[in-house]
Each structure stands twice: as structure tokens, then as C-alpha cells.
Participant: 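There's a structure below that I have some questions on.
Note that these values count all heavy atoms, side chains included, but never hydrogens, waters or copies made by symmetry. Both counts, for ligands and for their atoms, begin at 1 and track the order of listing.
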Amino acid sequence: MPVNILFAAHAERWETYENPLNTALSNAGVQANLSTDIAPFEVDYIVYAPNSDVQDFTPFTRAKAVLNLWAGVEDVVGNTTLRIPLARMVDGGLTQGMVEWVTGHVLRHHLNTDLQVLNQDGIWRKHIPPLACDRPVAILGLGVLGQACAKALAGLGFDVSGWSRSPKDVPDITCLNGDDGLQQALKRAGIIVLLLPFTPQTENIINAGALSLMPKGAVIINPGRGQLIADEALLNALDQGQIGHATLDVFRQEPLPPEHPFWAHDKVTVTPHIASETRAKTAAEVIAENVRRGEAGEPFLHLVDRDLGY
Ligand code: NAP
């Protein structure tokens, strides 16, 4: 008997995922009926985007797991109708994309490339940046993405610290946790990268108090979630010169409304939530492996802790 897998996401995702998912399921030895239209009581697994039409999981009486297409789960984790395991997306392609985006934006600020790229004005202006070993970078969130970025930056020679909820031991990274650890990370961070999930505990973690701890002129890079930053406090800190620049990929409201002050601010770079995308081929392999595990009675990978919210 094939397993019935409902694909619950926007139509354009189906076009991208149908073939890679069928291939990955077949390669994983799973005989599957993958479709966007299966009677809820016959569904075994739900491949899911939180912005899909499926918001009430009650009718899916025999489903074994919801397999999220996204890394962030804030829009589904609190759904009280969801009583089966929820797996988030951990995808090698997505991780690699985030490493590239973060490294690129860290290097932009580290080298001050804007000075040359945006100022071809005939003036022989020499700017010698410090070496990476003299540029402290702090990464808030030392999970899958934070650790991958931390390792890449440390590999380039940056002085990297990372902060997480639980203690960590990552080679070449100064690992911090707890309130004291956050203060230490902020105080030393010339460049800070936010790779925390959005939870009640992380909302507005970069507020006026946190911003005042950072070295004057520090740079904030946020590919995590918009809610991590108190927007007004950031704008004030930018206007006062306490923060030198903010490169923001994620926002409380997306798309960022045209009238939002971030767009026009000369010390803010807005990118439209493109830091990293789930890549269909590699993501399909992760989903297929989880279906295989479910059918073999093995534990699912990348389960979300519903109490912690990520
Ligand atoms: P992850 O593996 O779950 O890692 C989350 C990290 O945050 C962990 O180190 C965790 O600590 C830490 N953390 C969570 N709550 C905390 C708290 N209250 N205090 C201190 N540390 C806390 O997640 P991930 O895969 O790296 O993804 C991180 C986030 O990136 C996602 O949630 C999503 O919002 C964002 N994202 C953005 C894009 C984009 O295109 N912009 C793409 C993908 C993901 P522990 O290690 O102790 O659990």
C-alpha cells in the first residue's frame, strides 16, 4: 500500500517540488502517492508550508507527521489543532545559502567595500581594514545555521563568538549562553549576526538596552526574524551613531511596506527575505528520509520542541 502524502503549500511550490519529491521518495524506497488533493482522513504525512490553506489539522485523523518546508516554525508551532510530530526543515542547500549570504554581508562591512564601490569620485581614498582576526563577530543563535556561519567566518580568521540557550562546545568559536553570555557577546561584537528563531523569549531581544551595550558603530546583520529587533530602538541607535549599519533580510511585516523608514534610511540595507531558500532537491531528500523513518518506526529527524517553540 502506498503512503498518502499531502503537499500543502502554494501552487508554485508544487511545481518546484513535485518531481524532486517523487524522485527522493523513490530513492528512499518509499512507495508513495504524493498529491495536493487527498481526503484528510486518508493522509499519512503532510508536507507543509505554514502559509498554505491547511490551518486546521483536526480532520487528518491518521496522519503521522507534519513535515515543514521552512526552517522557521513560528507560524505553525502554536497551532492547537496540531497534535502529531512537527519536523522543521534542515536542508544542506538552505544552510549553504545562509553561509554564503552571511559571509558576503559580513565581508562587505568588514572590508567597507561601500567606500570604493559607491564612491568612484576621483579621490584616491585609502582605507585599510583590520584583519579578520581583529574583527569580533557575534552570532546570536548557534543552531544549524548559526554554527555553519560561525565555522565559515572562523575559517576566514574572524574572532567569532556565538550565543545559544544551552551551553555549546564548537571548535574555534567562543560559545556563550545565559544572560551574562548575551551581554558578553553584545559588548564585544563589532558585527552581530542574528540567527535566532522567533519565540516569546527572543522577541525584541535587540532592544534599546542591548543596542547600548554594543561597541559604538557596530553593525547588525539580521537574517533571523524581524521580531528579534525592536524597530524604533534600532532606528534611534542608527540616528545617534551607536549602530553604524543594519543589514536586514527579515521584517515584522513582509513585504516591508514602501513607507517603512528602513527603506529610505542611509544606514539600512534591506534585502527581501532572500538570505536563504529551501532548495527543492536537497529538501526533498530530507522529507523523503523522514517519511522512510516514519514507515520504519524510526525516530523522525529535526523535530520541533513545541514547548520551546523551535
Ligand atoms: P535552530 O537549529 O533551531 O537554532 C536556533 C538557535 O537559537 C539554537 O542555537 C538555540 O539554542 C538558539 N535559541 C533559541 N532560543 C533561544 C533563547 N531564548 N536564548 C538563546 N538562544 C536561543 O535554527 P536554525 O535552523 O539555525 O534557524 C534559525 C532561524 O533562522 C530560523 O528559526 C529562521 O527564523 C531563520 N531563517 C531565516 C531564513 C532567511 O532566509 N532569512 C532562512 C532560514 C531560516 P539551543 O542550541 O540551545 O537550542
Participant: Checking the N or O distance criterion of under 3.5 Å, is ligand 1 in contact with P223?
Facilitator: yes
Participant: If we only count N/O pairs under 3.5 Å, is V250 in contact with ligand 1?
Facilitator: no
Participant: List the closest protein heavy-atom neighbour of atom 29 (C) of ligand 1: residue, atom name, distance to the nearest 0.1 Å.
Facilitator: L196 O, 3.9 Å
Participant: Give yes if a backbone or side-chain nitrogen or oxygen of G72 is under 3.5 Å from a nitrogen or oxygen of ligand 1, and no if not.
Facilitator: no
Participant: Do any N/O atoms on S276 end up under 3.5 angstrom from N/O atoms on ligand 1?
Facilitator: yes
Participant: Would you mind checking which non-hydrogen protein atom is closest to atom 19 (N) of ligand 1, with the distance to 0.1 Å?
Facilitator: W163 CH2, 3.3 Å
Participant: List the closest protein heavy-atom neighbour of atom 35 (C) of ligand 1: residue, atom name, distance to the nearest 0.1 Å.
Facilitator: G224 O, 3.5 Å
Participant: List the closest protein heavy-atom neighbour of atom 38 (C) of ligand 1: residue, atom name, distance to the nearest 0.1 Å.
Facilitator: M98 CE, 3.5 Å
Participant: Looking at I205 and Q201, what are the two nearest heavy atoms and their distance?
Facilitator: CD1-O, 4.5 Å
Participant: Is it true that Q147 lies under 4.0 Å from ligand 1, counting heavy atoms only?
Facilitator: no
Participant: Is it the case that the ring center of F158 lies less than 6.0 angstrom away from the ring center of H110?
Facilitator: yes
Participant: Could you check atom 27 (O) of ligand 1 against the protein and tell me its nearest heavy-atom contact, residue, atom and distance included?
Facilitator: L145 CD1, 3.4 Å
Participant: Should you measure from each heavy atom of H273, which atoms of ligand 1 turn up under 4.0 Å away?
Facilitator: 39 (C), 40 (O), 41 (N)
Participant: Starting from atom 28 (C) of ligand 1, locate the nearest protein heavy atom and write down its residue, its atom name and how far away it is, to 0.1 Å.
Facilitator: L195 O, 3.5 Å
Participant: Can you pull out the closest protein heavy atom to atom 6 (C) of ligand 1? Residue, atom name and distance to 0.1 Å, please.
Facilitator: G143 N, 3.6 Å
Participant: State, with a plain yes or no, whether a side-chain heavy atom of L176 is found less than 4.5 Å away from one of L182.
Facilitator: no
Participant: Distance alone, cut at 3.5 Å: any donor-acceptor contact between the side chains of Y45 and E295?
Facilitator: yes
Participant: Quiz question: by atom type and distance under 3.5 Å, do the side chains of T282 and D91 form a donor-acceptor pair?
Facilitator: yes
Participant: Run through I139, L196, L186, L195 and flag the one making a side chain to side chain contact (heavy atoms under 4.5 Å, CB included) with W163.
Facilitator: L196
Participant: The test is side-chain hydrogen bond (donor to acceptor under 3.5 Å, both in side chains); show your working for H302 and N290 and say whether it passes.
Facilitator: CA-CA 9 Å; H302 317 310; N290 255 343; 5.9 Å; no
Participant: Considering only NZ, NE, NH1 and NH2 on the basic side and carboxylate oxygens on the acidic side, decide whether D159 and R188 come within less than 4.0 Å.
Facilitator: yes
Participant: I'd like to know if K151 pairs up with D172 as an ion pair, taking the criterion as any Lys NZ or Arg NE/NH1/NH2 lying under 4.0 Å from an Asp or Glu carboxylate oxygen.
Facilitator: no
Participant: Check this for me - ligand 1, Y310, N or O atoms closer than 3.5 angstrom, yes or no?
Facilitator: yes
Participant: Enumerate the atoms of ligand 1 whose separation from the nearest heavy atom of R225 is less than 4.0 angstrom.
Facilitator: 33 (C), 34 (O), 35 (C), 36 (N), 37 (C)
Participant: If you apply the rule side-chain hydrogen bond (donor to acceptor under 3.5 Å, both in side chains), what do you find for D37 with S35, and how did you get there?
Facilitator: CA-CA 5 Å; D37 187 16; S35 171; 6.0 Å; no
Participant: Is it the side chain (CB and beyond), the backbone, both or neither of R165 that lies under 4.0 Å from ligand 1, heavy atoms counted?
Facilitator: both
Participant: What part of V144 sits under 4.0 Å from ligand 1 if we count only heavy atoms: the side chain, the backbone, both or neither?
Facilitator: both
Participant: If you have a sec, work out which protein heavy atom is nearest atom 18 (N) of ligand 1 and how many Å separate them, to one decimal?
Facilitator: Q201 CB, 3.6 Å
Participant: Are any of the N or O atoms of G141 closer than 3.5 Å to those of ligand 1?
Facilitator: no
Participant: Taking NZ, NE, NH1 and NH2 as the nitrogens, is one of them in R292 or E298 under 4.0 Å from a carboxylate oxygen of the other?
Facilitator: yes
Participant: Applying a heavy-atom cut-off of 4.0 Å, say which part of N177 lies close to ligand 1: side chain, backbone, both or neither.
Facilitator: neither
Participant: Any side-chain heavy atom of V250 sitting closer than 4.5 Å to one from T271?
Facilitator: no
Participant: Using a strict cut-off of 4.0 Å, indicate which atoms of ligand 1 neighbour a heavy atom of D249.
Facilitator: 39 (C), 40 (O), 41 (N)
Participant: Polar contacts were defined as any N/O atom of the residue lying under 3.5 Å from an N/O atom of the ligand; does this apply to S166 and ligand 1?
Facilitator: yes
Participant: Taking only non-hydrogen atoms of K168, do any sit less than 4.0 angstrom from ligand 1?
Facilitator: yes
Participant: At under 4.0 Å between heavy atoms, which part of R88 makes contact with ligand 1: side chain, backbone, both or neither?
Facilitator: side chain
Participant: Checking S52 side chain against A9 main chain: does a donor-acceptor pair fall under 3.5 Å?
Facilitator: no
Participant: Between R252 and D231, does any NZ, NE, NH1 or NH2 come within less than 4.0 Å of an OD or OE carboxylate oxygen?
Facilitator: yes
Participant: Does ligand 1 have any atom that is closer than 4.0 Å to a heavy atom of E277?
Facilitator: no
Participant: Does V77 reach the side chain of Y310, with side-chain heavy atoms less than 4.5 Å apart?
Facilitator: no
Participant: What I want to know is whether T199 and ligand 1 share at least one N or O pair that is separated by under 3.5 angstrom.
Facilitator: no
Participant: Could you establish whether W70 and ligand 1 come within less than 4.0 Å of each other, counting only heavy atoms on the residue side?
Facilitator: no
Participant: Should you measure from each heavy atom of A71, which atoms of ligand 1 turn up under 4.0 Å away?
Facilitator: 43 (C), 44 (C)
Participant: Out of I192, T202, V193, L228, which one pairs with L140 under the side chain to side chain contact (heavy atoms under 4.5 Å, CB included) rule?
Facilitator: I192
